[in-house]
Amino acid sequence: MTPDGLYAKRLCQSRIYWEGPLAPYNDRPNKLERDQVTKLFDTQQFLIELQSCAHHGRTFMPRYQIVFCFGEEFPDPQRSRKLITAHIEPVLAKQLYYFTQQNSGHLLRGFEMPDHVNSVEDYHRSIRHSIQD
């Protein structure tokens, strides 16, 4: 996890498939290529989508969960259960997601998203400052 998002690099010989907010396909498997860095989650995109939901009162909430499936194609509509999966949730995204749901987004409506943030702590600081105002 970096300030701008979550990345993965497959180093093993096993096949790994994934789904998440940046997955290119929703209707077929997304293979994590070997020795290639893949961005799985974009922090800034998530925050912009979350703020947009708060501003416009949309029920659509941005996705933040990522699922890896080891050795089997995923997603696979034929089989709902897989042998080995890993579910990843960036903590900051999960906290902000539930915070927005609990507060119906009203606290984020007037919050101006910074253009660039250097660390996760800066996000927390910005959100706390917005809440206190």
Side-chain angles (χ1 to χ4, degrees):
M1 185 79 187
T2 66
D4 70 316
L6 180 65
Y7 296 83
K9 182 177 181 180
R10 185 181 121 214
L11 301 174
C12 63
Q13 292 183 6
S14 297
R15 295 177 301 155
I16 301 175
Y17 296 90
W18 69 284
E19 74 171 358
L22 298 182
Y25 309 108
N26 290 325
D27 60 340
R28 61 183 187 180
N30 299 285
K31 187 175 181 182
L32 197 60
E33 297 298 332
R34 188 172 178 169
D35 294 322
Q36 182 177 337
V37 176
T38 303
K39 190 170 190 176
L40 307 173
F41 175 81
D42 186 301
T43 304
Q44 195 70 23
Q45 178 182 330
F46 173 80
L47 293 172
I48 289 167
E49 290 175 5
L50 190 65
Q51 188 177 27
S52 177
C53 290
H55 278 285
H56 304 294
R58 295 184 184 140
T59 55
F60 159 77
M61 293 290 277
R63 294 175 55 201
Y64 63 92
Q65 293 106 344
I66 296 134
V67 178
F68 288 122
C69 183
F70 299 87
E72 297 179 275
E73 289 188 350
F74 183 79
D76 180 1
Q78 303 298 323
R79 294 184 56 196
S80 60
R81 296 185 51 101
K82 295 292 181 177
L83 294 177
I84 303 172
T85 59
H87 298 253
I88 292 100
E89 296 183 342
V91 174
L92 173 66
K94 183 177 181 176
Q95 290 173 343
L96 289 175
Y97 180 90
Y98 286 112
F99 175 81
T100 302
Q101 278 190 323
Q102 291 174 349
N103 294 289
S104 302
H106 75 277
L107 292 175
L108 291 180
R109 286 189 190 117
F111 178 64
E112 291 299 320
M113 201 61 63
D115 291 332
H116 180 72
V117 178
N118 294 321
S119 68
V120 172
E121 290 78 23
D122 288 346
Y123 284 114
H124 283 291
R125 192 175 311 109
S126 297
I127 296 296
R128 278 196 305 270
H129 178 69
S130 174
I131 293 169
Q132 292 171 352
D133 288 347

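Because only heavy atoms are used, hydrogens play no part in the values below, and waters and symmetry mates are left out as well, while side chains stay in.
Here CG of Leu11 is found 12.5 Å from CD of Gln36. Values are rounded to the nearest 0.5 Å. The distance from atom CG of Leu40 to atom OH of Tyr64, rounded to the nearest 0.5 Å, is 16.0 Å. Rounded to the nearest 0.5 Å, atoms OG1 (Thr38) and CZ (Arg10) are 10.0 Å apart. Atom-to-atom distance recorded for Trp18:CH2 and Thr85:OG1 is 16.0 Å, nearest 0.5 angstrom. To the nearest 0.5 Å, the span separating CG on Asn30 from CD on Glu73 amounts to 10.5 Å.
Contact of the Gln13 side chain with the Arg34 side chain is registered, since non-hydrogen atoms from C-beta on lie closer than 4.5 Å. Met61 has its side chain within reach of Leu50: a pair of non-hydrogen atoms, C-beta onward, lies under 4.5 Å apart. Looking only at side-chain heavy atoms (C-beta outward), Met1 and Leu92 stay at 4.5 Å or farther from each other. Using a 4.5 Å heavy-atom threshold, the side chains of Ser14 and Phe70 count as separate.
No path of Ile, Leu, Val, Met, Phe, Trp and Tyr side chains, each step under 4.5 Å between heavy atoms, connects Phe46 with Tyr7, placing them in separate hydrophobic clusters.
In this structure, Glu49 and Pro62 approach most closely via the heavy-atom pair OE1-CB, 3.2 Å. Residues Gln45 and Asp42 share a closest heavy-atom pair of N-OD1, 2.8 Å.
Not a single ring-ring contact (aromatic ring centres under 6.0 Å, His included) links Tyr17 to another residue, sequence neighbours left out. Not counting sequence neighbours, Phe68 has no partner by the ring-ring contact (aromatic ring centres under 6.0 Å, His included) test. Taking Lys31 as the reference, nothing meets the side chain to side chain donor-acceptor pair (under 3.5 Å) condition, with sequence neighbours excluded.
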